[in-house]
Structure formats: C-alpha cells, structure tokens
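Heads up: the structure comes next, in structure tokens.
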Amino acid sequence: NRNSGSLFGNLAGSTAVEFGLIAGMIVLTTAAIIEFSLVMFDYSRATEATRRATRLASLMTPVGNLDGLESTDVVCGSSGGSTSCSGGPVFDASSFDKLVARMQQVLPGIQPENVEVAYRPSGIGSAESGGYKPYVTVRLQNLQHEWLFLGPMLGLSTDLTYPAFSTTLLGNVYQPA
C-alpha cells in the first residue's frame, strides 16, 4: 500500500516526529513553571524574614544610638563585615547580628550586606517624658535569585534581583542616656 498515490498514505514514524517537535516546548514550559515557583517561594520567604526581623528589632536593644533621634533618622547596616550607622554611632552591633541570624533561619541566602535597620521618630513621647517610641524599619535589599533551569537553558547571564522588602513597626520605649 506504499504506492497508493495518496500524499498522506505512509504515516509510519509520524508520532515520533510530532513528539520531537513539541518535546522541547514541554521541557521549557515545565522548567519555567518550576523556576517561577521557586522565585515566588523565595519572595514569600524574604517577606516573612523581613517581618520577623522587624518584630524582633522593635523589641530588642537598638543597633544604633538613638540619643539624637528626635532630630535625625538613624540607619544601620553592614559593609565589609562591620556594622555602621548613619545619624549616630553603633550602640549594639550584636543586635544587628541577631536580626540577620533570625532572617537567615527563614531564607539562608540573606547576607548582612542585604539588611538595613532604620529608626525614625514617631512623635510619641520625648526625652523629657521618660522616653519616646521610634518607628523601626527593617529593609532587605539587593537579594539575588540564581537561575537554576532557565539561566542555563536560555543562556541568561544575570541573576534575578528581587525588589526591596521593607516592614515598619512602632518600637518599644527608648530612654536616651
């Protein structure tokens, strides 16, 4: 029946050819779904890490010295392995290390350089009235997602950089020295 004159008379091997044409798309789509799921999972973990660190920072000894907080914000972070603050000196560097350690429990890829703790005046209380309550903000920034599937498959040379995560709470009463 090979020479029946029909253009579509011989269908032997057509299934293999059809599968070969769509197999690449199936693999790419599956890899994209897995990669997107991992990105969203890490996004959720980064949000939760920021929330937990803000809660802890609002209850613990401040990282920076807040004596001048009524006139300027105090922002603390890490660079080159040491903690520093703008708007005032470092008060308790171990508090910063505890915050980073708490965040790493949720998302191990977080580094001290990715974390920033800011204290702003809230207008509640004063130095004369026995203390004031600052706003405490923890910010997670420059967090990278390394491509697992799509980078090697599509030749993506750069990692995905997440947007900054930030959470603010009203802190405990701080009494200036």
In the single-linkage hydrophobic clustering (I, L, V, M, F, W, Y; side-chain heavy atoms under 4.5 Å), do [X] and [Y] co-cluster?
X	Y	result
Tyr132	Tyr135	no
Val115	Val75	no
Val90	Met60	no

Practice task
Would you check if there is a donor-acceptor pair between the side chains of Asp67 and Tyr174 at a distance under 3.5 Å?
Solution key: yes
[X] to [Y] - nearest heavy-atom pair and separation:
X	Y	result
Ser166	Thr137	OG-CG2, 3.3 Å
Thr83	Phe96	OG1-CD2, 3.7 Å
Ser58	Leu169	OG-CD1, 4.1 Å
Val138	Ala57	CG2-CB, 4.1 Å
Leu66	Pro134	CD1-CG, 4.2 Å
Ala53	Leu99	O-CD2, 3.3 Å

I'd like to check [X] versus [Y] (side-chain heavy atoms, cut-off strictly below 4.5 Å). Are they in contact?
X	Y	answer
Glu113	Asn142	no
Tyr162	Asp42	yes
Leu143	Leu107	yes
Arg120	Val136	no

Side chain of [X], backbone of [Y]: donor and acceptor closer than 3.5 Å?
X	Y	value
Thr72	Leu69	no
Thr161	Gln144	no
Asn65	Gly88	no
Ser122	Lys133	yes
Tyr119	Val63	yes

Problem - Qualifying ring pair (Phe, Tyr, Trp, His ring centres under 6.0 Å) pairs, either residue in residues 19-56, two or more places apart - result: Tyr43-Phe165
Inter-residue atom distance [X].[atom1] - [Y].[atom2], 0.5 Å rounding:
X	Y	atom1	atom2	value
Arg102	Ile110	CZ	CD1	12.5 Å
Glu116	Ser78	CD	OG	11.5 Å
Leu170	Thr54	CG	OG1	12.5 Å
Gln105	Arg52	CD	CZ	7.5 Å
Lys98	Asp92	NZ	CG	6.5 Å
Leu160	Leu38	CG	CG	11.5 Å

Problem - Pair Arg51 + Glu48: basic N to acidic O under 4.0 Å - result: yes
Problem - Exceeds 12 heavy-atom contacts within 6.0 angstrom, atom CZ of Arg45 - result: yes
Handout entry: For Thr30, the option from Leu28, Ile34, Ile33, Val27 that meets side chain to side chain contact (heavy atoms under 4.5 Å, CB included)
Key = Ile34
